[in-house]
Amino acid sequence: MSLALDDGGDRNGPLRRLSDVFMRRPRLFLTLLLAPPLAWLGIAYLGSLAALLAQSFFSIDEFSGQIVREFTLKTYGELLQPANLDIIIRTVTMAALVTLLGAVIAFPIAYFAARYARGRMKALFYLAIMLPLWSSYLVRVYAWKLILAKEGVVTWLAGHTGLTPLLDFWLSLPIVGGPSLSISYTGTFLVFLYLWLPFMILPIQASLERVPGSLIEAAGDLGANPGQTFRTVIFPLALPGIVAGSIFTFSLTLGDYITPQIVGSSTLFLGQAVYTQQGVAGNIPLAAAFSVIPIVIMGIYLTIAKRMGAFDAL
Amino acid sequence: MTDATIPAVRFRAVSRHFGETRAVDAVDLEIRAGEFFAMLGPSGSGKTTCLRLIAGFEQPSAGSIEIFGEHAEGVPPYRRSVNTVFQDYALFPHMTVGENVAYGLMVKGVGKAERTARARDMLALVKLAGFEARKPAQLSGGQRQRVALARALINHPKVLLLDEPLGALDLKLREQMQVELKSLQRSLGITFVFVTHDQGEALSMADRVAVFNAGKIAQIGAPEDIYERPQTRFVADFVGGSNVIEPDAAIRLGLPAGLYSLRPEKIVLGAGGLTGKVESLQYQGAHRRYVVAIGPDRLGVVTPASGPAFPVGATVALAIPDGAAHRMEGGA
Ligand SMILES: Nc1ncnc2c1ncn2[C@@H]1O[C@H](COP(=O)(O)OP(=O)(O)OP(=O)(O)O)[C@@H](O)[C@H]1O
Ligand SMILES: [Mg+2]
């Protein structure tokens, strides 16, 4: 028997030499591995972001409809016009409510999945969460339009359970109401909530999954009742997941321009405004200024979250 | 303090079954107030489950548990005057060391100034003064262990449960912590229930030891009792690797017929009426460990390393002094 470390292959083959180089210089390998995706991110993402930002500081000539490539804050001023401000407030309120209620609904589901579901139960959980994502987004939104329509399942169910007065009362309310659920903010809200719930549940579940059971037992052992354990241990440790989930939910709602078009009153949301400004109206600078809003809001949100220590447990 | 006649913990025929697994099986147990009680046993013998039953994380499938005379049924962990030092320490990663230690006071609603001061005193007690502002991740294993101890002691529990608290420490730190834990227990007068699978640790620290085997207590008694007078084959073998001598072998070795336990260090090598052949020899620093064949029987023998050495293959004389072999139950 010999002590040869080689398996007998050709030590001098070009691939061999290459792998030897990588072995000795792991950083080089890492760089080569990461370069293409980073280049993609850098050029496609940051580049277009910069272009967007630049566009928002241009303005449009009202007579010719041509873009004037000079620095101005005029376009941002246009955002403050009542009609545009309405769109912003409407969208941000909607996104905030969807995020808030989404988190409230997602937490118990994620908690159950992380702490109690095992084996087959867990597989079932993932399936139930992911299954809706396998079908087309459009199909699901149109399905909801049917569900929420005046002749739809919800109206039918309300009729059979004697809840029609409640439904009618809700629809008669000023802002949230409308001719039917499918033509109201309530409808838009429900569909958003449904669409983005998986994006809230999964990160929360992942963060809860990493909380060792012994920490929860330790809190109880030291005298914390279940409510105190939740407030002082479980919630702070799940916070990074909640923040991640709320970023998904919030930004997805802010940017969506299809759902409010299909389900909801005919008022515009931010995404629709961007869509019409850059498409029909051809006002790219205003569309760009609109698109900067979600970025700014997310920036503020993350800063506050960090200040409040949301990422301390990472 | 507490009435010494009431046991700190009493198990009456307590069982905890997980499906087919009998983790704890009809255990009767009395832990006296103020004693250092060790639970010793191999992996899976039910020690942790016993501790969790006392802490309230598990409910017995059958039987009843009393803590200082009060029935523990249905009392949740947060209302028991029992605290635990967890095997993995279970420190809260998002809190500082000071906040960890003060946690028990915080949930009781003690004011911030008072709990900070008491946490500082507690950290000084476990020799970690000045570590308040660190996060658990910035501590060594031994330091984490002390924080866990301080956190559990700040509530002045009547019973402190420790689940293999020294398991993750290196030998030197372990020995140091054994001494510190013991003196802490003496000065505080708290009942300690200490789980370990290290027999040396159990024997050196505890006032009384319970040896667990497959969910049952094989023997319970003072360390000397357990070590010198094991009652069963299992205890003799598990605690210190005694020679278990079967009745027929006993006759060949010149003992009255019966099942015996014979400590390897009690056998005298180099003189005596028995003759054997050295089969193996291990040098272990302070002593040598032999296996000596005497006819069909084999005995483990431990001698001080300072004495004469006998090479493998050598024929040696050996003696079993009077009273060295301890007669156990069963056999025959
Ligand atoms: N939650 C549970 N579900 C099912 N079986 C369990 C559970 N907890 C413990 N057991 C089983 O009960 C038995 C006793 O476990 P226990 O944790 O009390 O052992 P132990 O003596 O502490 O062992 P170790 O020294 O390895 O910590 C083991 O067979 C274990 O697999
Ligand atoms: Mg254990």
Novice: Could you check whether B:Glu99 pairs with B:Lys135 (Lys NZ or Arg NE/NH1/NH2 to Asp/Glu carboxylate O, under 4.0 Å)?
Specialist: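 No.
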Novice: For B:Ile190 and B:Lys158, which heavy atoms make the closest approach, and how far apart are they?
Specialist: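 Smallest interatomic distance, heavy atoms only, reads CG2-O, 3.7 Å.
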Novice: For a quick check under 3.5 Å, do B:His17 and B:Asp25 share a side-chain donor-acceptor pair by atom type?
Specialist: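 Yes, side-chain donor-acceptor contact under 3.5 Å.
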Novice: Can B:Tyr89 and A:Ser214 be counted as having a side-chain donor-acceptor contact under 3.5 angstrom?
Specialist: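 Result is no, nothing qualifies.
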Novice: Which bit of B:Ile154 comes within less than 4.5 Å of chain A, counting heavy atoms only: side chain, backbone, both or neither?
Specialist: neither
Novice: Going by atom types alone, do A:Thr253 and A:Asp256 pair a side-chain donor with an acceptor below 3.5 Å?
Specialist: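 Per modelled atom types, A:Thr253 and A:Asp256 side chains form no pair under 3.5 Å.
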Novice: Heavy-atom cut-off 4.5 Å, strictly under: side chain, backbone, both or neither for B:Asn83 against chain A?
Specialist: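 Both backbone and side chain.
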Novice: Is it the backbone or the side chain of B:Arg151 that comes under 4.5 Å from a heavy atom of chain A, or both, or neither?
Specialist: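 Both parts, backbone and side chain.
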Novice: Is B:Phe57 close to chain A through its backbone or its side chain, or both, or neither, when contacts mean heavy atoms under 4.5 Å?
Specialist: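 For B:Phe57, the contact with chain A is made by the side chain alone.
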Novice: Between A:Ile216, A:Asn225, A:Leu222, which shows the greatest number of heavy-atom pairs under 4.5 Å with chain B?
Specialist: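 Among A:Ile216, A:Asn225, A:Leu222, the one with the most close pairs to chain B is A:Leu222.
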